[in-house]
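Just below is one structure, and these are the notes that go with it.
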Protein chains: 2
Amino acid sequence: MNDLTIGALAKSAGVGVETVRYYQRRGLIPANGAQKGAFRVYGNHEFARLRFIRRAQTLGFSLDEVSELLALDEETDRERARAFARAKIADVESRIRQLEEMRGALQGLVTCCEHTEAPAPCPILHALANAPEPPPAPRGKTRARSATKAP
Amino acid sequence: MNDLTIGALAKSAGVGVETVRYYQRRGLIPANGAQKGAFRVYGNHEFARLRFIRRAQTLGFSLDEVSELLALDEETDRERARAFARAKIADVESRIRQLEEMRGALQGLVTCCEHTEAPAPCPILHALANAPEPPPAPRGKTRARSATKAP
DNA sequence: GTTGACTCCGTACTCGGGTACGGGGTCTAG
DNA sequence: CTAGACCCCGTACCCGAGTACGGAGTCAAC
């Protein structure tokens, strides 16, 4: 598992070469390292980092967060690691709740539509057209929306 | 609610002027329409569309999907509207399941970390470092990832 | 000693949903 | 009549996580 070229490293970790290079640019993988001839070589350390990054991603961490996790020390930063994980759980749960609201609303519309007889207009489209109130913050990560400019 | 300028329309719908213009560029709102002097004026029709769009967004539809929904007819396209809604429910549910997996894994790590005594290395960081296997499709919307190029 | 596969590096593009900016025109109140 | 607010239009930029491309260099095998 030593002296891999970037291509071999990428392959063994199941990512693309460009992805490895991208992680280097972001400082997630040290970009210096040993050279063999004109090409860089990679070993266990880099392979482990790559796995770390990908595992953390599947847990929902962004690459910025992964940087912070990578900077933690297994021995001395347990509290911080736990705090990170708890914060991420809260984040994930709030996204779940959002999606559950959507599902509930959609389900309601579909059920309603199934119970309505033919000569009425489609309740789904009707509900969309005659919405009650578009509540304050509809899109994305709760970013402020200025109706007109408020300096 | 008639003869609004773009700014008044945007404000009354709770969006930014640039957003309205963006929807016009995407064809979600007809860009022609009446002029009053040099400025376009908007009325109930445009206001209703704006509400439709925003309500559909909160239900999880993308703007491309909103276009399709807008093209449906309340009288004759009930089947199609229902199919759209059902597909979106399935989509939302699969995203929920993904997030629930994340939550479960994170919860497991935190619980484990809380039950481990001090002089051991942090189980969370340890688990990330010594991951079992990064399973096939980790990121985003299941996009194919080519380890090396496969033409 | 040449072919073909690979690496290095920089830059630019992708997607989605907007936001920001800038120059010029217009409308309205004082 | 002029100031200030607003509109029009085009273009460029933002985020996040990569992907794509192109030219030049290099390495290993035949």
Side-chain angles (χ1 to χ4, degrees), chain A residues 3-29 31-42 46 50 53-54 56-58 60-67 91 137-151, chain B residues 3-29 31-42 46 50 53-54 56-58 60-67 91 137-151:
Chain A
D3 281 17
L4 304 170
T5 65
I6 194 173
L9 172 67
K11 195 167 181 180
S12 73
V15 303
V17 170
E18 298 302 329
T19 303
V20 175
R21 288 181 34 67
Y22 175 67
Y23 291 167
Q24 290 182 334
R25 283 204 295 283
R26 292 196 57 137
L28 296 170
I29 295 176
N32 43 25
Q35 302 259 136
K36 194 181 157 189
F39 298 164
R40 263 192 279 276
V41 289
Y42 302 87
E46 285 83 11
L50 223 35
I53 294 164
R54 290 171 65 62
Q57 279 186 309
T58 70
F61 292 100
S62 72
L63 292 184
D64 274 356
E65 289 164 337
V66 174
S67 304
D91 175 16
R139 290 246 34 87
K141 300 174 183 296
T142 318
R143 265 192 291 160
R145 152 184 324 278
S146 58
T148 39
K149 58 192 62 177
Chain B
D3 281 17
L4 303 170
T5 65
I6 194 172
L9 172 66
K11 194 165 178 181
S12 74
V15 305
V17 170
E18 298 301 327
T19 304
V20 176
R21 288 183 31 69
Y22 176 66
Y23 291 166
Q24 289 182 334
R25 283 205 295 285
R26 292 196 58 138
L28 296 170
I29 295 177
N32 44 25
Q35 302 258 137
K36 194 180 158 190
F39 300 164
R40 261 192 280 277
V41 290
Y42 302 87
E46 286 83 11
L50 223 36
I53 294 165
R54 291 171 64 61
Q57 280 186 309
T58 71
F61 292 100
S62 72
L63 292 184
D64 275 356
E65 289 164 337
V66 174
S67 305
D91 175 15
R139 288 249 32 87
K141 301 173 181 297
T142 318
R143 266 193 289 161
R145 153 184 322 279
S146 57
T148 39
K149 57 191 64 176

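Labels below follow one simple rule: chain letters A, B, ... track the order of the sequence lines, proteins then strands, and each chain is numbered from 1. Everything numeric in this text was worked out from a predicted model, so none of it was measured.
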Would you indicate which nucleotide in [options] comes nearest to any side-chain atom of [X]?
X	options	value
A:Gln57	D:dC7, D:dG18, D:dA17	D:dG18
B:Val17	C:dG17, D:dC7, D:dG18	D:dC7
A:Thr5	C:dG18, C:dT7, C:dT26	C:dT7
A:Glu18	C:dC8, D:dA20, C:dG25	D:dA20
B:Tyr22	C:dT19, D:dG18, C:dG10	C:dT19
A:Arg25	D:dT19, D:dC8, C:dC9	D:dT19

- Message: Can you work out whether A:Tyr42 or B:Ala38 has the more 5'-proximal nearest nucleotide on DNA chain C?
- Response: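 It is A:Tyr42, whose closest nucleotide lies nearer the 5' terminus.
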Does the side chain of [X] reach to within under 4.5 Å of the side chain of [Y], using non-hydrogen atoms?
X	Y	value
B:Lys36	B:Thr5	no
B:Tyr23	B:Leu63	yes
B:Tyr22	B:Glu18	no
A:Ile53	A:Val15	no

Tell me the interatomic distance from [X], atom [atom1], to [N], atom [atom2], rounded to whole angstroms.
X	N	atom1	atom2	answer
B:Lys11	D:dA5	NZ	P	13 Å
B:Arg40	C:dG25	CZ	P	18 Å
B:Gln24	D:dC9	CD	C1'	12 Å
A:Arg54	D:dA17	CZ	P	13 Å
B:Leu9	D:dC8	CG	C1'	16 Å
B:Phe39	D:dA5	CZ	C1'	10 Å
B:Ile6	C:dG25	CD1	P	20 Å
A:Ile53	D:dA17	CD1	P	12 Å

- Task: Could you tell me whether a side-chain N or O of B:Arg40 sits under 3.5 Å from a main-chain N or O of B:Ala31, the two making a donor and an acceptor?
- Result: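 Side chain of B:Arg40 to backbone of B:Ala31: a pair is present.
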- Task: Considering just the side-chain nitrogens and oxygens of A:Tyr23, establish if one lies under 4.0 Å of OP1 or OP2 belonging to D:dG18.
- Result: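 Indeed, a polar side-chain atom of A:Tyr23 lies that close.
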- Are A:Thr19 and D:dT19 close enough that a side-chain N or O sits under 4.0 Å from OP1 or OP2?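 Answer is yes, contact under 4.0 Å.
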- Message: Reading DNA chain D from 5' onward, which residue's closest nucleotide shows up sooner: B:Arg21 or A:Ser62?
- Response: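 This one resolves to B:Arg21.
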- Along DNA chain D (nearest heavy atom to each residue), the more 5'-positioned of B:Gln35 and A:Leu63: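 Closest to the 5' end, via its nearest nucleotide, is B:Gln35.
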